Chemist: 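My questions will all concern the structure given below.
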Amino acid sequence: MALPSLPAALVRAMLPLAEREEVLADLGAEYDARVVRDGRVAARWWLWRQVTGSLPALARRSWWRGRTGFDPRANVMRPGGPMLERAMIELRFVLRRLRTRPTYTLLAVLTLALGVGGSAAMAGIVRAVLLDPLPYRAEQKLVHFWGNWTPEEFLFLRDHAGRVAGVAGVAAYVGDDVTLEQPDAPTRLVPGAAASSELFATLGVAPLVGPGFAAGDDVPGSE
């Protein structure tokens, strides 16, 4: 559906060449939608209000920018000049569209909320996993190695660790779930680990509850 000829001619006469077709296309799309929704009379009234309200600003803009609407490259970054003008025009256009399209506005807000929430969650994970230091003494010097180690191999490595330059201590651990039994409570499986007595000393930490390990506590049959 074409715009009425007179308001379209006024807009065409006042708009710079670089923006003419884009603005007329936006006006035509909005005008068609209002004809379907509100009727032709209401749509024409809205169109005339838009045109007459915009003519003073368009006249000032055309006077300063010339008939083409294209800015010289040297003027693009001038403080308070065309760059700021473009930003304000686009902001006003976005706000008008969001106000007249509540469903689209809701979807845009939800999309932004999901994006911000996902970015915040990822930032928290990346910071905790990759950026924050580990809660151990001299964490930058810790080395974690694994494999199918036998007890004999670990004991040999522990007894000879002091002869290797840069190695202050060695400890071992392996996942070992245990059964927890409490009076008047169901028996349940608790995640745990079996560790050598040097584990806390090697990491440079202390247990949250209770005493640490003493030498010999990891020997089978000890208390």
Side-chain angles (χ1 to χ4, degrees), residues 77 83-84 86-88 90-223:
M77 297 303 293
M83 184 177 179
L84 180 60
R86 287 196 195 94
M88 295 304 298
E90 291 174 0
L91 178 61
R92 291 168 59 188
F93 174 76
V94 169
L95 292 177
R96 286 200 306 269
R97 284 300 179 95
L98 292 178
R99 185 183 61 188
T100 57
R101 291 168 171 80
T103 303
Y104 178 82
T105 303
L106 178 61
L107 291 176
V109 171
L110 290 177
T111 302
L112 288 174
L114 290 175
V116 172
S119 299
M122 288 301 299
I125 294 174
V126 169
R127 178 175 180 178
V129 175
L130 299 178
L131 301 180
D132 288 347
L134 298 174
Y136 306 126
R137 179 186 61 199
E139 54 89 18
Q140 70 276 9
K141 298 181 179 180
L142 282 176
V143 178
H144 181 258
F145 52 94
W146 57 91
N148 295 322
W149 294 80
T150 64
E152 291 76 14
E153 290 173 331
F154 165 70
L155 292 175
F156 178 84
L157 180 63
R158 181 182 65 179
D159 295 340
H160 293 80
R163 304 177 187 178
V164 181
V167 178
V170 179
Y173 72 94
V174 62
D176 186 17
D177 297 341
V178 295
T179 302
L180 177 63
E181 296 181 358
Q182 294 177 301
D184 302 326
T187 301
R188 58 193 180 97
L189 195 64
V190 178
S196 63
S197 60
E198 305 86 4
L199 179 63
F200 291 123
T202 301
L203 296 177
V205 297
L208 184 63
V209 177
F213 296 139
D217 282 350
D218 54 356
V219 176
S222 64
E223 295 182 1

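As the structure is a prediction and not an experimental result, all values here were calculated from the model.
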Chemist: Over all heavy atoms of both residues, which pair between L180 and V190 is shortest? Give the atoms and the distance, please.
Modeler: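 Reported closest heavy-atom pair: CB-CG2, 3.5 Å.
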Chemist: Name all residues meeting the side-chain contact (heavy atoms from CB on, under 4.5 Å) criterion together with T111; count only those two or more places apart in sequence or in a different chain, and write none if there are none.
Modeler: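 Testing T111 for side-chain contact (heavy atoms from CB on, under 4.5 Å), a comparison that skips the adjacent residues, returns none.
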Chemist: Mind jotting down which residue pairs meet the salt bridge (Lys or Arg N to Asp or Glu O under 4.0 Å) criterion with at least one end in residues 173-191? Sequence neighbours excluded, please.
Modeler: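 Counting only pairs at least two positions apart or across chains, no salt bridge (Lys or Arg N to Asp or Glu O under 4.0 Å) contact touches residues 173-191.
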Chemist: Applying salt bridge (charged side-chain N to carboxylate O under 4.0 Å, His left out), can you list everything that pairs with D159, at least two apart in sequence or on another chain?
Modeler: none
Chemist: Just jot down the side-chain hydrogen bond (donor to acceptor under 3.5 Å, both in side chains) partners of Y173, sequence neighbours excluded, or say none.
Modeler: H144
Chemist: What is the minimum heavy-atom distance between A214 and S197, and which atoms define it?
Modeler: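 In terms of heavy atoms, the two residues are closest at O-CB, 3.5 Å.
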Chemist: For residues 129-150, which residue pairs pass the salt bridge (Lys or Arg N to Asp or Glu O under 4.0 Å) check, not counting sequence neighbours?
Modeler: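 Sorted result for residues 129-150: R127-D132.
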Chemist: With sequence neighbours excluded, tell me which residues meet ring-ring contact (aromatic ring centres under 6.0 Å, His included) with F154.
Modeler: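 Residues passing ring-ring contact (aromatic ring centres under 6.0 Å, His included) with F154: none at all.
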Chemist: Show every salt bridge (Lys or Arg N to Asp or Glu O under 4.0 Å) that has at least one partner inside residues 206-215, sequence neighbours left out.
Modeler: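 Listed once each, the pairs would be none.
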Chemist: If every non-hydrogen atom of G212 is compared with every non-hydrogen atom of P207, which pair is closest and at what distance?
Modeler: CA-CG, 3.6 Å
Chemist: Salt bridge (charged side-chain N to carboxylate O under 4.0 Å, His left out) with R158: which residues, sequence neighbours excluded?
Modeler: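 R158 satisfies salt bridge (charged side-chain N to carboxylate O under 4.0 Å, His left out) with E198, D218 only.
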Chemist: Taking only residues two or more places apart in sequence or in another chain, which ones pass side-chain contact (heavy atoms from CB on, under 4.5 Å) with V205?
Modeler: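 With neighbours one apart ignored, the set is Y136, F200, L203.
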Chemist: Quick one: list whatever passes side-chain hydrogen bond (donor to acceptor under 3.5 Å, both in side chains) with T179, sequence neighbours left out.
Modeler: none
Chemist: Working to the nearest 0.5 angstrom, can you tell me the gap between T150 OG1 and L155 CG?
Modeler: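 That separation rounds to 8.5 Å.
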Chemist: If you round to the nearest 0.5 Å, how far is CG of L110 from OG1 of T105?
Modeler: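 Reported to 0.5 Å precision, the distance equals 10.5 Å.
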Chemist: Given 3.5 Å as the limit, does a donor-acceptor pair link the side chain of S196 with the main chain of A171, or not?
Modeler: no
Chemist: According to side-chain contact (heavy atoms from CB on, under 4.5 Å), who are the partners of L95, at least two apart in sequence or on a separate chain?
Modeler: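 Result, side-chain contact (heavy atoms from CB on, under 4.5 Å) vs L95: L91.
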Chemist: Does D217 have any salt bridge (charged side-chain N to carboxylate O under 4.0 Å, His left out) partners at least two apart in sequence or in another chain, and if so, which?
Modeler: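 For D217, no residue satisfies salt bridge (charged side-chain N to carboxylate O under 4.0 Å, His left out) once neighbours in sequence are set aside.
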Chemist: For the residue pair V167 and V170, establish whether any side-chain heavy-atom pair is separated by less than 4.5 Å.
Modeler: yes
